[in-house]
There are 2 protein chains.
Amino acid sequence: MHTFEKGEMAQKPATLKDVAAFANVSRATAARALNSYGYVGDETAQRVHEAAEKLGYRGNRLAQALRNGQLPIIGCILGDIQNPFFARIAHDIEVLARGNRYNLIIGSSEEELEQEVSLLASLQSLSIRGFIVAPTSDENNFHLVRLIEENVPLVLIDRVVQGIDCDSVAVDNEGGARKAIEYLIAMGHRRIGLLQDDTRIFTSRERLSGYQRALIAAGITPDDRMISISQSTVEHAIDATIRLFSQKIPPTALFTVDSLMTQGALLAFRSMGISIPHDVSLIGFDDFNLATFTDPQITVVAQPVSEIGLAAARLLFEKLSGPSRPPKQIRFETKLLVRGSVSRRTEG
Amino acid sequence: MHTFEKGEMAQKPATLKDVAAFANVSRATAARALNSYGYVGDETAQRVHEAAEKLGYRGNRLAQALRNGQLPIIGCILGDIQNPFFARIAHDIEVLARGNRYNLIIGSSEEELEQEVSLLASLQSLSIRGFIVAPTSDENNFHLVRLIEENVPLVLIDRVVQGIDCDSVAVDNEGGARKAIEYLIAMGHRRIGLLQDDTRIFTSRERLSGYQRALIAAGITPDDRMISISQSTVEHAIDATIRLFSQKIPPTALFTVDSLMTQGALLAFRSMGISIPHDVSLIGFDDFNLATFTDPQITVVAQPVSEIGLAAARLLFEKLSGPSRPPKQIRFETKLLVRGSVSRRTEG
DNA sequence: AATGCGTGTGAGATCGATCTCACATTGTCT
DNA sequence: AGACAATGTGAGATCGATCTCACACGCATT
């Protein structure tokens, strides 16, 4: 704990030079004492430490970073912090970063490639080495390729990019989607709708693939009229759901690819007077706090959110401080949490 | 847009020196051309710009910062990014910061004073000037006082601190709470419970005060048995609610001071078999997505969340770039959103 | 006495961008 | 012709921390 004496307060922060002068040694010696390397006399070291304490010396991380070429900051580029999924991940990364005396810069790409590129460039010009990115696009990833070629530690989360060989942490999207659809099929559903966001997005494509495979495996031909695409916001999802269920022969069940879309579907059903699970069954990808507050509670495919950020941060710090090693690709399993939003369908 | 030619990729970023050498001028001239100040010949400037373009010069913000004493980064210390209230604010600040070519560092104080202090110190040693803080404590604010004395731009959000004269953005907590309680009283309730978090926290105290005043104004004596205190998490709120409603004479209505506690109360009522609004009426402070998904929908005191972050960021940039001006204290009004969780009480 | 090593210290270069100062040119005015 | 501005440019200092190098001194070994 520090004490601040009056009159000392408005001072500029003490520099190493100040400390050295106060302890009557050179800057070099002061640095040696404070960072404990090289030879320093015991008594001298003592004097330097006292001086540093006295002056409240904290060091200028900027100058340090300029010298050694990197700033102890992790750059984190996510889709949107407002998505609870990313918020949780960001929080976990921050905690782990703090433990390693790193700070965390968070940027939102808002799912725009251009924004992702410019954010990354901006952070690189800050000499930040060490990024955790949820890549927006699967193509045009020269900016990520460049990072890797420059040997900048990089961990991708939530989404994996083809042809980029680097650490990544994601979940088994296809398997998760397949489990959901298989369950719906087992409950007697055959006309199963899919509410999906931009196919540019990796997770969305994988979940679509799981959806299709499960149908085909059960001998059901995928039908484009059962699929509705919208942006991943509650509002857009409402419209897309309404479109899907205004057809002459609507689906008897719906699978939504993320929690915002699940919420949209819920609202759409309410406004259309469609009741769950009586009129339609629903499964969402990604658990969310609301899912257990509704009546009935919503069956979801849950991801181990708490492990994703943690794993990503661990991988990153391994790269930052450990020796070079081949990239690791982590995939977590998902879990189907059966609650009350799916009912058995007896007739077709 | 840049193009990256092969073989050029793994290079270290180009420095001003490189650009100068390439354009056959001194570093000083190159700097003048790129930052357009002082006298530079037209043709020389042209050459420098071409060289910069060619080499992909981006400048080292670290070196710039070291020189001019500050980094174009805003430090943002919040209670927790996982709280949607703060997530929204962080998002809005980030957008505005990006517009001003600033980046945003987010730190979680986790409502620990010590953590807030150490985060702030860490960010200051990065030469960051410009903070937006949701202060944890009302006392022991020497760290904030020091910032102000050092003339570091600071904006407090959500909470105001006594005796600190600086910009702040908050809402009318007392008025909001009063409106809620007055409405409950008007609906015939007299035994009104309060579910509150740590009284250390500013907003909590103000909301308590509004609660008490409304009661007194209506001639009802505040009763400590109607108040339950817990940490602001869903789990703690559940326990606190159960305690409150296990009394012989439980409240007929409950007012919760934030959205996490409202959720906790909701879960507690469900587990106790207490139905809303039949058995008990409920009003929460702070609107949240879940509030309209429950049946009945929850009546809340809504804050203009989207304006808080915006206003805070605006104030901060005024201070960062504009001339000195007296501190501004902004207080937004709250709005009672009447939905379905309050019923009229006929007998006492 | 000469050489060598272990220990302790300081002067100065370095990281990259910027800014002050001094020095050139040119042109213009008495 | 001489003086003085306006214009253009470069050398070097600066920000703060760190690291290399060189130089001390003492003590032990040949």
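- The side chain of B/S26 places no N or O atom within less than 4.0 Å of a non-bridging phosphate oxygen (OP1 or OP2) of D/dA11.
- Rounded to 10 degrees, the angle separating the terminal axes of the helix from C/dA1-D/dT30 to C/dT30-D/dA1 is 80°, with each axis obtained from five end pairs.
- For the residue pair B/R58 and A/Q124, no side-chain donor N or O sits within less than 3.5 Å of a side-chain acceptor on the partner.
- The interatomic distance linking B/L62 (CG) with C/dA17 (C1') rounds to 11 Å, in whole Å.
- Atom NZ in A/K17 sits roughly 13 Å away from atom P in C/dA11 (whole-Å rounding).
- Salt-bridge formation is not detected for the pair A/E50/A/K54: no Lys NZ or Arg NE/NH1/NH2 atom is positioned less than 4.0 Å from an Asp or Glu carboxylate oxygen.
- Residue B/N24 contributes atom CG, which lies 13 Å from atom C1' of D/dG10 at whole-angstrom precision.
- Regarding contacts with the backbone of D/dG8, every side-chain N or O of B/T44 stays at 4.0 angstrom or more from both OP1 and OP2.
- When each of A/E110, A/R200, A/E116 is paired with A/T136, the side chain to side chain donor-acceptor pair (under 3.5 Å) condition holds for A/E116 and for no other.
- Here the P atom of nucleotide D/dA17 and the CD atom of A/Q70 are 18 Å apart, to the nearest Å.
- Checking B/R61 against A/S122 by side-chain atom types alone, a donor-acceptor pair falls below 3.5 Å.
- Residue B/T15 places no side-chain N or O under 4.0 Å from the OP1 or OP2 atom of C/dC15.
- Comparing B/A28 and A/N35 by the nucleotide of DNA chain D whose heavy atom lies nearest to each, the residue mapping closer to the 5' end is B/A28.
- Atom CZ of B/R58 and atom P of C/dG16 are 16 Å apart (whole Å).
- Here the nucleotide nearest the side chain of B/Y37, chosen from C/dA17, D/dA17, C/dT18, is C/dT18.
- Comparing A/V40 and A/R27, the nucleotide of DNA chain C nearest to each residue sits closer to the 5' end for A/V40.
- Listed pair A/Q64 / D/dG16 fails the phosphate criterion, with no side-chain N or O lying under 4.0 Å from OP1 or OP2.
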### Task
Decide yes or no on side chain to side chain donor-acceptor pair (under 3.5 Å) for B/S118 and A/R98, but give the supporting numbers first.
CA-CA 10 Å; B/S118 92; A/R98 188 163 48 214; over 6 Å; no
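- With rounding to whole Å, A/L34 atom CG is found 11 Å from D/dA17 atom C1'.
- Residue A/Y57 has a polar side-chain atom (N or O) positioned under 4.0 Å from OP1 or OP2 of D/dA17.
- Under 4.0 Å is where a charged nitrogen must lie from a carboxylate oxygen, and between B/D167 and B/R325 at least one such pair does.
- With sequence neighbours excluded, no residue satisfies side-chain hydrogen bond (donor to acceptor under 3.5 Å, both in side chains) with A/R101.
- In this model, no side-chain donor or acceptor of A/R32 finds a partner on the base of D/dT18 within 3.5 Å.
- Within the 4.5 Å cutoff, the side chain of B/D198 has no heavy atoms near those of the B/E111 side chain.
- Atom CG of B/L66 is separated from atom P of C/dC19 by 13 Å (rounded to the nearest Å).
- For the pair B/G41 and B/R67, both in contact range of DNA chain D, the more 5′-proximal nearest nucleotide belongs to B/G41.
- At D/dG10, one or more side-chain N or O atoms of B/T29 fall inside 4.0 Å of OP1 or OP2 (strictly under the cut-off).
- To the nearest angstrom, P of C/dC15 lies 19 Å from CG of A/L16.
- You'll find that the side chain of A/Y39 is closest to C/dT7, out of C/dT14, D/dG16, C/dT7.
- Within 4.0 Å (heavy atoms only), A/G38 reaches no atom of the nucleic acid at all.
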